[in-house]
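Residues: numbered from 1 along the sequence shown. Bear in mind that the values here come from a model prediction, so they are computed numbers and not experimental data. Side chains included, hydrogens not; waters and symmetry mates left out as well; all remaining heavy atoms used.
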Amino acid sequence: CSTSSSSFTTTSKNSSGPRPIDPNSWPDKFPAKSHCSKCGLCETSYVTHVKEACAFLGEGMKRNIDGMEETVHGRRRSSKDMVWDDGGGTTTTTTTAGGGGGGVNAKDAAQEYAEEARFGVMHRPMMLARGKRIQNAQWTGCVTGIAVSMLESGMVDAVVCIASKDDDDDSNNKNNNTKKNGGGGGWSNPEPILARTITDVLRGRGVKPALAPSLRILDELKHSPEVKRLLFCGVGCAVQAFRAVQDELGLEEVYVLGTNCADNSPTSEDAREFLRRGVPEVGMEDGGKKEILGYEFMQDFRVHVKYNEDGRGSSSSPSYERKPYFCLPGDVADFAIADSCLACFDYTNSLADVVVGYMGAPLDSDMAHSYQTVTVRNARGEEMIRSAVNAGRLDMGPEATGKGGHENFAMATVSSDKLVQKMVDGGEMKEQKGMPRFLGEIMASVMTAVGPKGVSFARYSIDYHLLRNYLHCLNVWGEERANGMLPEYSVDIVEKYLETDESFRKLVESLKSKR
């Protein structure tokens with residue numbers, strides 16, 4: 001954050017306006033350096049707003065989330081309903097969004113609802129949902145279904161989404177991509193587009209596991225006066241930057257559709273390398289015939305890789321490789337997770353109108369059939385959901401619930417995390433083999449059986465990532481900067497673990513003593 005403003009507000013000799021930063025110079029020439037999430041803002045004339053918009057400069061997410069939450073949603077989240085485990089391993093709380101204000105005690109833990117303090121502002125309780133009539137989605141098409149319905153109905157004139165750079169829905173190109181990317185297809189080549197047709201929106205199907213410059217289209221948008229009503233789709237850091245500049249865009253209506261997000265790869269090649277080294281079973285080595293459609297780290301403590309067996313045709317009947325986390329090489333996280341993701345405290349996408357995720361949903365089947373979670377944060381979000389339901393693009397299910405304690409699982413994961421161990425020990429991370437497959441399968445099955453479920457699993461995932469990321473910031477920038485970056489809800493979580501967990505206190509003290 002000490003970067004001089006002149007380094008990113010220079011003007012072209014042929015223009016009086018600011019000069020965007022060349023994307024080929026990422027990350028060294030970008031203000032946040034290695035912690036730049038490549039959101040795309042600095043690649044546009046809106047680069048002059050980077051100090052107030054970037055989630056990784058100065059107070060970053062604290063400034064953005066705490067500073068804009070009330071402006072965006074009409075109120076701040078309730079900070080008094082945080083759910084914690086009691087000594088018996090069940091969960092307790094004072095009030096919840098879904099509990100009618102009466103709270104949930106240990107007896108009722110099996111029917112526990114998501115709370116605002118951890119999950120963000122909720123206009124209604126977190127719900128389960130499935131997309132409808134969206135072929136070839138990574139899941140059932142909740143995100144795409146909402147976007148398509150809004151464009152079809154005329155609610156918006158255009159949609160900002162991330163397409164696959166080399167996917168134009170042409171089957172010949174698909175086969176060529178499979179060879180070019182070593183079985184990777186277009187899933188790992190994110191490219192932002194200003195979609196004005198349903199065909200364009202459908203190019204955005206599927207999760208892209210690498211950093212994606214969503215805001216790169218801002219200058220195109222500025223020169224498109226016919227676009228007055230916009231749907232912006234993005235992950236938390238991109239949504240924060242977009243919210244910081246949206247009033248400069250001259251739009252009449254703005255809707256934001258977000259996704260939960262954690263641990264993206266820095267580049268497309270890093271994402272492909274993760275599969276080559278971490279899940280060789282899918283044949284990424286030697287450019288195998290399988291067409292990779294995507295992958296997710298799932299609630300059963302396994303990474304699920306979705307692919308077409310012969311590398312061609314529809315993904316309506318895909319195959320899956322499910323590999324336990326514990327069998328992955330221990331050092332893959334060192335290159336496969338972007339530094340910006342290690343400094344992120346917005347897993348739940350706090351500033352979006354609607355957020356779609358899966359960690360709080362039950363895993364009853366594969367990606368193509370399982371529920372996802374939908375969090376509606378405000379009245380605009382209700383309009384978005386209503387549009388998709390009325391269009392037959394979204395099937396809303398019951399409220400999302402969970403059971404089981406999460407704190408011990410979260411802290412155990414932090415303590416065993418290879419990146420955390422590297423922070424404490426110092427030095428380079430050496431190549432490490434994962435657990436033998438049969439042991440990993442046993443471990444994953446046991447963890448799934450005895451671990452937190454549904455919303456409680458989401459709490460576990462949020463807390464684990466938040467604590468690990470706090471340790472990363474502490475290690476990189478020191479206590480003052482790390483504490484100054486934390487949004488208010490994150491401070492509450494960090495302080496709780498410092499108060500109750502000796503192993504976390506020791507990790508914090510160890511990193512503080514190194515500086």
Side-chain angles (χ1 to χ4, degrees), residues 76-130 142 260 262 297-301 347-350 354-364 370-377 381 396-414 446-467 488-490 492-497 499-501:
R76 296 286 302 278
R77 72 181 73 191
S78 169
S79 61
K80 298 180 180 179
D81 64 351
M82 191 81 77
V83 174
W84 296 110
D85 301 350
D86 68 12
T90 55
T91 41
T92 57
T93 185
T94 55
T95 62
T96 67
V104 180
N105 58 35
K107 274 191 239 181
D108 303 318
Q111 291 301 312
E112 202 161 64
Y113 300 91
E115 76 277 19
E116 286 201 347
R118 191 178 264 106
F119 292 92
V121 172
M122 286 185 275
H123 196 254
R124 64 157 104 171
M126 183 185 291
M127 308 294 291
L128 300 179
R130 291 189 180 99
C142 287
N260 294 148
F297 287 81
M298 301 288 271
Q299 306 96 308
D300 61 354
F301 296 90
Y347 189 141
T348 60
N349 211 321
S350 304
V354 172
V355 184
V356 176
Y358 67 90
M359 283 299 187
L363 182 60
D364 297 327
S370 290
Y371 273 125
Q372 290 180 270
T373 56
V374 172
T375 304
V376 180
R377 302 207 184 280
M396 297 298 291
E399 295 180 27
T401 62
K403 62 181 180 179
H406 68 279
E407 291 173 54
N408 290 337
F409 273 81
M411 199 55 233
T413 307
V414 171
V446 170
M447 294 278 279
T448 302
V450 304
K453 309 291 192 300
V455 169
S456 295
F457 185 91
R459 290 191 188 98
Y460 149 75
S461 190
I462 290 169
D463 286 13
Y464 153 60
H465 285 96
L466 191 152
L467 297 175
E488 183 179 329
Y489 90 95
S490 301
D492 293 342
I493 292 175
V494 168
E495 287 183 347
K496 175 68 174 182
Y497 281 88
E499 176 187 336
T500 60
D501 194 284

**Report entry** Side chain proximity check, Asp81 to Tyr113, heavy atoms < 4.5 angstrom
**Finding:** no

**Report entry** With Phe297 via ring-ring contact (aromatic ring centres under 6.0 Å, His included) - residues at least two apart
**Finding:** Phe274, Tyr325

Query - Contacts of type ring-ring contact (aromatic ring centres under 6.0 Å, His included), residue Phe457, not counting sequence neighbours - result: Phe301, Tyr460

Report summary line: When every non-hydrogen atom of Ser461 is compared with those of Met359, the smallest separation belongs to OG-CE, 4.1 Å

Query raised in the report: Under 3.5 Å, side chain of Asp85 to main-chain N/O of His406, donor-acceptor pair present?
Result: yes

**Report entry** Heavy-atom donor-acceptor pair, Gln299 side chain to Ala361 backbone, under 3.5 Å
**Finding:** yes

Query raised in the report: Residues in salt bridge (charged side-chain N to carboxylate O under 4.0 Å, His left out) with Glu488, at least two apart?
Result: Arg76

**Report entry** Gly405 to Pro452 - nearest heavy-atom pair and separation
**Finding:** O-CB, 3.4 Å

Report task. With side-chain contact (heavy atoms from CB on, under 4.5 Å) as the test, would you mind laying out the steps for Ile493 and Met82 before giving the verdict? Result -> CA-CA 9 Å; Ile493 292 175; Met82 191 81 77; 3.7 Å; yes

Requested in this report: Only counting residues at least two apart or in another chain, list the ones meeting salt bridge (charged side-chain N to carboxylate O under 4.0 Å, His left out) with Arg118.
Outcome: Glu115, Asp463

Requested in this report: Give a yes or no on whether the backbone of Val356 and the side-chain of Gln372 come within a donor-acceptor separation of less than 3.5 Å.
Outcome: no

Query - Side-chain touch Phe119/Val455, heavy atoms, less than 4.5 angstrom - result: yes

Report task. Measure across Gly360 and Leu128 and return the closest heavy-atom pair with its distance rounded to 0.1 Å. Result -> O-CD2, 4.4 Å

Query raised in the report: With sequence neighbours left out, what residues match Asp300 under salt bridge (charged side-chain N to carboxylate O under 4.0 Å, His left out)?
Result: Arg302

Requested in this report: Quick one: list whatever passes ring-ring contact (aromatic ring centres under 6.0 Å, His included) with His465, sequence neighbours left out.
Outcome: Tyr347

**Report entry** Thr373: side-chain hydrogen bond (donor to acceptor under 3.5 Å, both in side chains) partners, not counting sequence neighbours
**Finding:** none

Report task. Only counting residues at least two apart or in another chain, list the ones meeting side chain to side chain contact (heavy atoms under 4.5 Å, CB included) with Met127. Result -> Arg124, Met396, Glu399

